[in-house]
Each structure stands twice: as C-alpha cells, then as structure tokens.
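The structure appears below as structure tokens.
Both counts, for ligands and for their atoms, begin at 1 and track the order of listing. The analysis underlying the following values was restricted to heavy atoms, covering all of them including side chains, and did not include hydrogens, waters or symmetry mates. For this chain, numbers begin at 1 and follow the sequence in order.
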Amino acid sequence: MSNGLEGVVAADTILSEVEGEAGRLIIRGRSLDDLIGHTRFEQIVALLFEGFFADLPDEAGLAEALGRARAEIFRETAALDAALKGLGPIEAVRALTARLPDGDDLSTALRLIAAPAVFTPAVTRARQGLAPIAPDPGLSHAADILRMVRGQPATAAEAAGLDAYLVTVCDHGLNASTFAARVIASTRAGLTSAVVGGISALKGPLHGGAPGPVIEMLDDIGRPERARAWIEAALDRGDRLMGFGHRVYRVRDPRADALKRAVKMLGESSKILPGRLAFAEAVEDAALEILKARKPDRSLQTNVEFYTALLLEALAFPPETFTCVFAMGRVAGWIAHAREQLAGGRLIRPQSRYVGPAPRIAA
Ligand code: ACO
C-alpha cells in the first residue's frame with residue numbers, strides 16, 4: 001500500500017499529463033505554455049469535451065450554448081435564502097449546484113459549467129447585501145463572470161487575465177477532486193453528483209482552499225523585511241506555508257509562472273497592484289530559501305495557489321471566494337474525466353487492509 005496513493009496509477013487518460021520532474025503540464029497534446037494568453041475558456045471546454053459528447057457543437061456553437069446555460073442557471077439563484085447566505089461561499093455554491101438534476105448529457109454538462117460561474121457572483125454580491133446581476137449570454141464566459149461580480153463591464157485585459165486563470169486550472173491529472181469525481185462517475189451516479197463531489201474535495205486547504213490563506217499570509221507579513229521571521233515562526237508552530245509544495249511536482253509548478261505572467265500583464269495594462277507583485281516575490285524567495293534549509297530532502301517549490309491568489313486579488317475577487325473561482329475552471333476537467341470514466345472505466349472499488357482487533361471469541 002502507498003500512503004496517500006502516492007505514485008499509484010489509477011486511470012488511463014487522454015485529458016492531461018502532469019510531468020512532475022520536468023515541470024510541464026500537457027492538456028490534450030498541447031503544452032500549457034502554448035495555450036495561455038490566446039485561449040478562451042470556451043475553447044478549452046471544447047478541447048476537453050472533444051469525443052465525449054456526440055452532439056458537441058463547434059467552438060462558436062459551444063460558446064453560444066454556454067451563454068444560454070448561464071442564463072438558465074441564473075434562475076436557480078432564487079434559492080439563495082438566508083440559510084445559504086450564512087454558509088461560506090464554496091459551501092453555498094456547492095449547495096446550489098447540488099439542487100440541479102443529475103444527467104450525463106451535454107446540456108447537463110453545460111449547466112454544471114455555468115453553475116459556479118453564475119452562483120459565485122450571486123453569492124459574492126449577496127454577502128455584500130446586493131442583488132444578483134443576470135448573465136449576458138452574448139459576452140465571453142470570463143467577461144460575463146467579472147461583470148456579474150462587480151456590476152460593471154470588465155476590460156479586455158481583465159477578461160484575458162481570468163481566461164488565463166481558468167485555462168491554467170482546467171485540468172491537472174488525477175488530483176484529489178478529479179479522482180473523487182471519477183470515483184463517483186464510476187458508480188453511474190451522474191455528472192451533477194460527480195461535480196458536487198469534486199467541489200467537496202476541492203475546498204480543503206491542502207487542495208483548492210489554499211489561495212485565500214495566501215492573501216492572509218501576505219497581509220499578515222505586511223512588509224518584506226518581516227517575511228523571514230513570520231515564516232520561521234509559522235513553521236516552528238508546525239503550520240504549512242500555503243502556496244508551496246506539491247505531490248507530483250518536484251520542480252516549480254509550471255502553472256505558477258503562467259499565472260505570474262498573467263498578473264504582470266494585468267498590472268501593466270491597468271496599473272493596479274503597485275508594489276504588490278514585488279512584495280509577493282520577496283515573500284516567495286524567503287519561503288523557498290527557508291523551506292530548502294528546513295527540508296533539504298524534499299523539494300518544496302511554489303505551487304499554483306501562490307500566484308492564483310495575486311491574480312484573483314487583482315481581478316477584485318474577495319479571498320473567501322477564490323476556491324469558487326478555482327471550481328469555475330476545474331469543473332471542465334471534472335466533467336471530461338467523468339465522461340472518460342463512463343466510456344471506458346469499471347466501477348472504482350479498491351480494497352482496504354484490516355488492521356483492527358481480531359474478533360473476540362465468545363466464552
Ligand atoms: N509548508 C511546510 N511544510 C511542507 C509543505 C508546506 N507547504 N508542504 C509539504 N511540507 C512538508 C510536510 O510537512 C512533510 O514534512 P515531514 O515529512 O517532516 O512530515 C513533507 O513536506 C512532505 O509533506 P506531504 O504532506 O507528505 O507532501 P504531499 O505531497 O502529500 O503534500 C501538499 C502536498 C498537500 C500540497 C503539501 O505540499 C501542502 O500541504 N502544501 C500547502 C497547501 C497548498 O499549497 N495546497 C495547494 C496544493 S496545489 C493544488 O492542490 C491545486
């Protein structure tokens with residue numbers, strides 16, 4: 001048995017490959033570096049879904065269908081009652097998603113892609129005492145999300161920044177939430193069940209819950225000269241540094257650099273975040289140096305969540321909603337994996353080893 005299933009191959013996939021030693025991510029035969037900067041989220045959905053739905057339209061048709069799905073899903077925000085508003089954002093998004101019917105067809109899949117994109121802005125605004133804003137199906141997915149969150153149109157550079165993020169996180173091998181989604185799909189429970197399971201696995205701080213705490217860490221450190229002492233004290237307490245370390249990557253997570261470039265592009269075009277990136281880089285340098293000194297045998301590098309935090313902050317998402325934004329991208333991967341599992345996989349049902357007490361023999 002491998003603790004945490006490290007190194008265990010549990011599925012064949014044509015969707016993505018995480019090359020841990022080379023620090024490379026391949027999505028359906030395309031390197032992440034080739035995709036970032038000129039690929040819209042709608043195009044990555046088309047790429048991931050190719051071959052998994054018989055009625056998949058072309059890219060333009062898919063973008064239109066996704067716009068219609070956002071408009072349909074908006075009706076569900078009426079269920080956002082006081083109880084749901086009292087939950088954390090990712091729990092509220094999960095609860096709203098769980099109300100959707102199960103199914104395995106393309107329209108279920110598109111509604112599930114629309115769900116975090118529409119529910120997150122509604123939940124964000126509800127927490128500010130504001131009414132939700134209806135989607136504009138004619139906009140790109142990224143531009144519409146930003147508009148629904150803030151109530152005003154996004155610039156082209158901001159929409160490109162969110163596209164870069166959604167494309168970067170759309171799929172990543174057999175990560176914990178994707179594995180959860182595949183296990184659920186293997187029981188033939190349906191795509192909604194698989195996506196709700198994916199959201200549940202994603203929300204943990206060791207997976208998709210890390211970027212919000214990255215902002216807390218940066219805000220708590222406050223100034224570059226305080227970074228070393230803060231980090232040493234956190235590690236002395238036994239805390240983990242959010243945004244560092246990875247199960248598969250032994251070198252720098254390629255998604256970290258992709259998102260850092262996106263932050264830089266956004267900063268240049270909209271003049272936001274003066275000094276923020278340089279400060280984060282100083283904290284990152286200190287963290288890497290200290291982690292290397294403390295764990296010389298384990299290569300602990302920056303992961304995707306560190307620059308996710310800076311990018312989503314620059315796009316004005318509140319830190320407590322960062323995991324919901326992660327779900328907006330990863331949902332495409334969960335659905336593609338669920339369909340792949342259904343197409344060729346058997347029920348996933350490993351075994352456990354019993355290490356409890358032997359049965360008592362009755363006197
Ligand atoms: N800070 C401090 N120490 C760390 C960190 C970290 N970020 N990451 C790993 N370590 C240490 C562990 O304490 C452990 O030390 P030990 O052997 O003395 O007990 C050792 O490195 C190995 O840790 P594991 O938990 O076995 O490593 P694993 O591969 O299972 O963990 C994980 C990967 C969960 C991402 C881990 O690095 C972590 O907790 N990072 C912080 C949370 C985070 O950034 N999560 C987002 C990950 S990316 C994503 O899922 C999208």
Side-chain angles (χ1 to χ4, degrees), residues 1-8 10 16 18-21 23 25 27 32 90 116 165-181 197-218 220-221 227-228 230-260 280 283-312 319 322-334 337:
M1 193 192 79
S2 162
N3 195 4
L5 300 185
E6 180 160 3
V8 173
S16 63
V18 181
E19 293 184 350
E21 299 293 336
L25 171 60
I27 298 169
L32 177 66
I90 189 69
Y165 174 71
L166 298 176
V167 169
T168 298
V169 301
C170 70
D171 197 42
H172 201 239
L174 213 52
N175 59 89
S177 58
T178 300
F179 185 47
I199 295 173
S200 300
L202 186 74
K203 81 186 262 286
L206 298 194
H207 188 13
V214 168
I215 294 295
E216 284 165 27
M217 172 176 76
L218 293 178
D220 214 26
I221 291 174
R228 292 195 66 88
W230 191 98
I231 292 166
E232 298 278 13
L235 293 175
D236 286 346
R237 286 194 302 272
D239 293 353
R240 289 184 177 209
L241 296 183
M242 294 294 130
F244 296 90
H246 197 272
R247 174 63 65 80
V248 182
Y249 290 120
R250 289 294 163 254
V251 294
R252 199 176 164 79
D253 184 334
R255 299 169 300 172
D257 285 328
L259 296 183
K260 188 172 171 177
V283 172
E284 182 190 14
D285 289 347
L288 291 176
E289 209 182 302
I290 294 168
L291 285 170
K292 190 173 177 195
R294 289 198 178 218
K295 302 261 175 223
D297 302 332
R298 178 112 192 161
S299 176
L300 295 175
Q301 304 288 333
T302 314
N303 67 42
V304 63
E305 303 289 42
F306 192 77
Y307 285 103
T308 287
L310 284 203
L311 181 59
L312 298 188
F322 286 178
T323 310
C324 305
V325 189
F326 195 159
M328 291 177 194
R330 185 56 58 86
V331 67
W334 294 331
H337 274 271

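Looking at Leu312, Thr168, Leu310 one by one, the single match for side chain to side chain contact (heavy atoms under 4.5 Å, CB included) with Leu259 turns out to be Thr168.
Nearest heavy atoms, Thr308 versus Pro211: CG2-CB, 3.9 Å. The two residues Ala327 and Pro116 make their nearest non-hydrogen contact at O-CG, 4.0 Å.
Side chain of Asp253 to main chain of Thr302: no donor-acceptor pair is present (N/O by atom type, distance under 3.5 Å, no hydrogens or angles). Under the 3.5 Å distance criterion, the side-chain polar atoms of Ser177 are left unmatched by any main-chain donor or acceptor of Ala201. A donor-acceptor pair is defined here as one N or O able to donate and one able to accept, closer than 3.5 Å; such a pair exists between the side chain of Ser16 and the backbone of Gly173. Side-chain atoms of Arg247 come within 3.5 Å of backbone atoms of Gly4 as a donor-acceptor pair (strictly under, hydrogens ignored). Here the side chain of Arg250 pairs no donor or acceptor atom with the backbone of Gly20 at under 3.5 angstrom.
With sequence neighbours left out, Phe179 forms a ring-ring contact (aromatic ring centres under 6.0 Å, His included) with no residue at all. Partners of Phe322 by ring-ring contact (aromatic ring centres under 6.0 Å, His included), not counting sequence neighbours: none found.
Protein heavy atom nearest atom 45 (N) of ligand 1, with residue, atom name and distance: Leu206 O, 3.2 Å. Shortest contact from atom 35 (C) of ligand 1 to any protein heavy atom: Gly245 O, 3.7 Å. Given atom 40 (N) of ligand 1, the protein heavy atom at minimum distance is Phe244 O, 2.9 Å. Annotation: atom 19 (O) of ligand 1 to nearest protein heavy atom, Lys295 NZ, 4.6 Å. Nearest to atom 6 (C) of ligand 1 among the protein's heavy atoms is Leu241 N, 3.6 Å. Scanning all protein heavy atoms for the shortest distance to atom 50 (O) of ligand 1 gives His207 ND1, 2.9 Å. The shortest contact between atom 29 (O) of ligand 1 and any protein heavy atom is with Arg298 NH2, 2.9 Å.
Heavy-atom proximity to atom 25 (O) of ligand 1, evaluated over Arg247, Met242, Arg240, is greatest for Arg240. Of the candidates Val248, Thr308, Leu300, it is Leu300 that places a heavy atom closest to atom 10 (N) of ligand 1.
Classification of the Phe326-Tyr165 ring pair by plane angle, with boundaries at 30° and 60°, yields perpendicular. Between Phe306 and Phe244, the ring planes are tilted. Angles from 30° to 60° get that label.
Residue contacts with ligand 1 include Phe326, since one or more of its heavy atoms lies under 4.0 Å from the ligand. Within the structure, ligand 1 lacks Val214 among the residues with a heavy atom less than 4.0 angstrom away. Using 4.0 Å as the threshold, Ala176 has no heavy atom nearer than that to any atom of ligand 1.
Of all the heavy atoms of Val304, the ones lying under 4.0 Å from any atom of ligand 1 belong exclusively to the side chain. When non-hydrogen atoms are compared, ligand 1 lies under 4.0 Å from the side chain of Leu291 (C-beta onward) but not from its backbone.
Remark: ligand 1 atoms within the under-4.0 Å shell around heavy atoms of Leu235 are 2 (C). Residue contact check: Ala210 has heavy atoms under 4.0 Å from atoms 43 (C), 44 (O), 45 (N), 46 (C) of ligand 1.
Between Glu305 and ligand 1, a contact under 3.5 Å exists for no N or O pair. Residue Gly243 has at least one nitrogen or oxygen atom sitting less than 3.5 Å from a nitrogen or oxygen atom of ligand 1, judged on distance alone. Ligand 1 has no N or O atom lying under 3.5 Å from any N or O atom of Asp239, backbone or side chain.
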